[in-house]
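Contents: one structure, followed by commentary.
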Amino acid sequence: MRLSKGFFPTVKEVPTDAVIPSHQLMIRAGLMRQLTAGVYSFLPLGYAVMKKVMQIIREEMDAIGGQEFHLPALNPIELWEETDRVKAFGDIMFHVKNRPMVLAPTHEEVITAIAKNHVKSYREMPQIWYQIQTKFRNEPRPKSGVLRGRQFTMKDSYSMDATREGLDRSYDLHAEAYKRIYTRCGLSFYIVGASSGAMGGSGSQEFMVESNAGEDNLAVCAESGYAANVEIATSLVPPAERFEANPAVEKVHTPGCRSIDEVAAFLKLPVARCAKSLVFMNGTAPVLVLMLGNDQLNEAKLQGVFGQDIRPAHPEELAQITGADAGSIGPVGLPATVTVVADRRLQNANGLVCGANVNDHHLVNVDLGRDAKVSAFHDLRSVEEGEMSPDGKGKLRIVKGIEVGHIFKLGTKYSSAMKANFLDEKGEEHPIIMGSYGIGVERIVACHIEQHHDEFGIRWQKGVAPYDVHLIMVNKNSEAVVAKSEELYAELTKQGLAVLFDDRSDVSPGFKFKDADLLGMPLQVIVGDKNLKNNEIELKERETGRRWNAGVASVVGDVVSYVRN
RNA sequence: CGGGGUGUGGCUCAGCCCGGUUAGAGCGCUUGGUUCGGGACCAAGAGGCCGGAGGUUCGAAUCCUCUCACCCCGACCA
C-alpha cells in the first residue's frame, strides 16, 4: 500500500482523552478513532492488525479441532431468561427498546440452544465450537481505550463433553492453544488461578498480561512460578497464637479507639492479638466476619462462601444488630441470628482482643472456641506484597495485570438450565458437560502495544505487524531514488511481502522517518540519494534501532530473509 | 451510581475569575514559491452561531440555572 493513496491519519500530538500508551498510540498511529464512550472505529491499519490476531487465533483453534461458527448478536430475551442471566447481567446487558430482544454480551445460551437440539448422544462428543465476533456490554465506565469498551471483539469457544474427564481434556487443549496464541502474538503473560465469578462452574484460569494499565491485581512469585489473582491468592502466613493461660474474658474501657492500631496501642498489645470484626448482610441475614489484626478481608473470597449478594452492612444496621458502632463490634454475646465466620488464621486462637458490642469498650482474653459461636473458618484474607508464596519457594509480588483470556470449566450450569441433555452408553440422560473459553481480541492488540512501544511509537513484532516492511522513498527529487523505490516496492510485493510504501511527494524526509517509527513496522527500508550513489540501501530494525546497509543487488533477498527470519 | 475535571476551527490549547470593538495562537488544511536524511521555510488564504437550552444585562465565550457529552478516581466488572 502506498501512503500517498491510503488512509493513514497519523497525529503528532498526544490526544487529550488518552492516558495509557496503547490508547495514545492507537490514535496517533491511525489504528482507530473513538465514536462514543467505549466504542471505536477500526481504521484500515488497525483492522489489519485485528485480522492478523484473529487469524492466529483461528489457526490455533482449528488446530485443536475447533469449528468456527457465526452467531447472532441479536437474541430473544426469553433465551436469557431460561438461564436467569437477564437478572445476573442486569444493567450490563443492552436491551433493545422496540422488541423483546437483547444484544448478546456472550454466547453460552445460543450455543447451548443449538447443542440442545442437535447433540443427543455421547457418540457426538467432544465438540469444540467457537466464534470471533462482536459482543456488547453496557459497561458503567468504559476506560483505557479499547481495554474496556462497550462493544468489542471476542473469540469465545465452548466445549461439549460427556464426561468430567472429557471436559478436563477439552480445557487442557484450550489452555495449550491459548499459550500458543499469546506467544505468537508476542505477549508475555501469566496464567493465574481465578475466581469464576458469575459465570459459575468449578474451575477457571485467567491469562494475564502484566501492565500498569491493568485492572486486576495478581500475586506472582518469580522463584516458583506461582501466579494467582489476588481474589483467590493465598500465602504462607502463621496462624494466631494459642496461649496456655486462658483467663476469663474481661471488659475494658477503650475510649476513642476505633482502629485495630489504636486499640493495640492503647492496650499495649501486638496487633496480632486483635480480631477485627466486620458486619455484612447476606440478603437480610447478618454475618459477622472476624479477621486477624490488620488483615484485609477479601470480598471476593467472602462471596465465594456466601454468594454474590453479600454486602457490607450500613452504619444504622451495625448499631441495630450489635448495639455498637464500627470499631467496637465483636463476636461475643451476639444474638443467635448473627452468623459468625472467621479467617483461618484465627482457628484455635485465644487471648484475643475484640469489640465488646458496647461503644468504646473491648473484650480481652477472648477464646473464640470458648466465648463465641464461630460457625466456620475460611480463608478470607487478602495476601500482601512480600509474603511467602504458598509453595514456600519465594516471596510474592503484587502486580497489575490485564486479562486477555479466561477459561472456565462450566460444568452443567447452562445445559441443566436449558435441558441440553444427551444419552450415555447406558441410555441414561445427562446434561452436557461444558467449558467456556474467551479471548479479547482488541485487548491483545492493546497489550501488544503496551509491551512493545517506545517514546517514538509502536514496535510491532513480526507475527502481528500490519505490514512486514516500511519502504521509505527519502527524496522524490532524485530520479534514481524514485526509480529504485518503485522497483523495490514492486519486487518486495512480488516476493509476497506486505509492504507499506511511503511514496509521498509532499512531506519532508524527517516527517517520513517519524511516521515510520510511529507506525512501527519491524523493518524499514530506506532508499536515499547518498546510499544509492554507493549502490546501497539502508535497513533499519524498528525494535532495536539498529541500522545497516545492504547492497542494491542483494537487498531484496536480505529483506525477504529478514522478514521470514 | 458517588467524587473530580473538561467542552472555544480538523488537532493541542489561550481567553472566562474581573462581561465591552471584527474570538486568538501553534499545528494541520488550500494556493504559489523555495526546500528535501529525523515532524522545513516564505507569502497569501479557507475554516469557529465559543457543547445545548433558558435566564441576568444596554451588551454574555465570560455571570446564574438546567441539561448533554467526554475524561479521570472510586463502586461495579461474565
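Per chain, numbering begins at 1; letters A, B, ... match sequence-line order. Owing to the predicted nature of the structure, the values given are computational and were not obtained by experimental measurement. Side chains are part of it too, since the values below use all heavy atoms of this structure and drop only hydrogens, waters and symmetry mates.
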Give me, pair by pair, the N or O atoms of the protein and of nucleotides 24-32 of chain B that are less than 3.5 Å apart, along with how far apart they are.
{"residue": "B:G26", "atom": "N2", "partner": "A:Glu13", "partner atom": "OE2", "Å": "3.1"}

NA contact type, A:Gln34, heavy-atom cut-off 4.0 Å: base, sugar-phosphate, or nothing? sugar-phosphate
Base, sugar-phosphate, or nothing for A:Asp517, non-hydrogen atoms under 4.0 angstrom? base
Pick the P atom in B:C77 and in B:G15, then give their distance to the nearest Å. 42 Å
Taking 4.0 angstrom as the limit, do A:Glu210 and A:Lys400 come out as a salt bridge? no
NZ of A:Lys512 versus C1' of B:A40: gap in Å, rounded? 14 Å
Would you say A:Glu403 and A:His406 are linked by a side-chain donor-acceptor pair, where the criterion is simply a distance under 3.5 Å? yes
I'd like to know if the side chain of A:Ser485 reaches the main chain of A:Met473, judged simply by a donor and an acceptor atom lying under 3.5 Å from each other, with no hydrogens or angles considered. no
It should be established whether A:Thr16 places a side-chain nitrogen or oxygen under 4.0 Å from OP1 or OP2 of nucleotide B:C11. no
I need the CD-P distance between A:Glu206 and B:C77, as an integer number of Å. 13 Å
Can you tell which of B:C73, B:G39, B:C70 lies closest to the side chain of A:Lys143? B:C73
What is the distance from CZ of A:Arg150 to C1' of B:C77, rounded to the nearest Å? 13 Å
What is the separation between atom CZ on A:Arg504 and atom P on B:G38, rounded to the nearest whole Å? 16 Å
Polar atom pairs between nucleotides 33-36 of chain B and protein, under 3.5 Å, N or O only, would you list them?
{"residue": "B:C36", "atom": "O2'", "partner": "A:Asn475", "partner atom": "ND2", "Å": "2.6"}
{"residue": "B:C36", "atom": "N3", "partner": "A:Asn477", "partner atom": "ND2", "Å": "3.3"}
{"residue": "B:C36", "atom": "N4", "partner": "A:Lys476", "partner atom": "NZ", "Å": "3.1"}
{"residue": "B:C36", "atom": "N4", "partner": "A:Asn477", "partner atom": "OD1", "Å": "3.3"}
{"residue": "B:C36", "atom": "N4", "partner": "A:Asn477", "partner atom": "ND2", "Å": "2.7"}

Can you tell which of B:G38, B:C72, B:G39 lies closest to the side chain of A:Arg547? B:G38
Give me the atom names and distance for the closest heavy-atom approach of A:Val481 to A:Asp529. CG2-N, 3.5 Å
Scan A:Lys540 against the nucleic acid and name what it touches under 4.0 Å (heavy atoms): base, sugar-phosphate only, or nothing. base
Rounding to an integer number of angstrom, what distance separates B:G2 and B:C66 when you compare their P atoms? 15 Å
Are A:Lys409 and A:Tyr171 in a cation-pi setup, meaning NZ or CZ lies under 6.0 angstrom from the ring centre and within 45 degrees of the ring axis? yes
Please output the side-chain donor-acceptor pairs of residues 4-21 of chain A that fall under 3.5 Å, not counting sequence neighbours, one pair per line with the distance.
{"residue": "A:Ser4", "atom": "OG", "partner": "A:Asp503", "partner atom": "OD1", "Å": "2.9"}
{"residue": "A:Ser4", "atom": "OG", "partner": "A:Asp503", "partner atom": "OD2", "Å": "2.8"}
{"residue": "A:Thr10", "atom": "OG1", "partner": "A:Asp515", "partner atom": "OD1", "Å": "3.1"}

Pairwise P distance, B:C71 and B:G59 [rounded to whole Å]: 38 Å
Inter-nucleotide C1' distance (B:C50, B:U22), Å rounded: 15 Å
By the 4.0 Å heavy-atom rule, please label A:Thr36 as base, sugar-phosphate, or nothing. sugar-phosphate
Can A:Thr106 and A:Glu108 be counted as having a side-chain donor-acceptor contact under 3.5 angstrom? yes
What integer distance in Å separates A:Ile20:CD1 from B:C73:C1'? 15 Å
Residue pair A:Val441 / A:Ile57, side-chain heavy-atom distance below 4.5 Å: yes
Letter by letter from the 5' end, nucleotides 1-6 of chain B scores (B base, S sugar-phosphate only, - none; protein heavy atoms under 4.0 Å) ------
A:Phe7 has an atom CZ; how far is it from atom P of B:G10, in whole Å? 15 Å
Using whole Å, report how far CG of A:Asp515 lies from P of B:A40. 11 Å
Around atom OH of A:Tyr47, are there more than 12 heavy atoms from other residues, nucleotides or ligands closer than 6.0 Å? no
Spacing of the C1' atoms in B:G28 and B:G39 (rounded, Å): 12 Å
Please work out if A:Met473 contacts a base, only the sugar-phosphate, or nothing of the nucleic acid, heavy-atom cut-off 4.0 Å. nothing
If you go through the side-chain atoms of A:Asn531, does one of them form a donor-acceptor pair with the base of B:G37 closer than 3.5 Å? yes
Using only heavy-atom distances, determine whether the side chains of A:Arg150 and A:Tyr40 contain a donor-acceptor pair under 3.5 Å. no
Okay, side chain of A:His107, backbone of A:Pro72: is any donor-acceptor separation there less than 3.5 Å? yes
Cationic N near anionic O, under 4.0 Å, A:Arg2 to A:Glu486: yes
With sequence neighbours left out, which residue pairs that include part of residues 507-539 of chain A fulfil the ring pair (Phe, Tyr, Trp, His ring centres under 6.0 Å) condition? none
For the C1' atoms, the ones on B:C49 and on B:C72, what distance do you get once it is rounded to whole angstrom? 31 Å
Rounded distance in Å - CZ (A:Arg148) to C1' (B:A75): 12 Å
Review item, side-chain donor-acceptor pairs of residues 212-220 of chain A, under 3.5 Å, at least two apart:
{"residue": "A:Glu215", "atom": "OE1", "partner": "A:Arg148", "partner atom": "NE", "Å": "2.9"}
{"residue": "A:Glu215", "atom": "OE1", "partner": "A:Arg148", "partner atom": "NH2", "Å": "3.1"}
{"residue": "A:Glu215", "atom": "OE2", "partner": "A:Arg148", "partner atom": "NE", "Å": "3.2"}

Using the C1' atom as the reference point in each nucleotide, state the distance between B:U30 and B:A69 in Å, no decimals. 32 Å
Expressed as a whole number of Å, how far does the P atom of B:A23 sit from that of B:U62? 14 Å
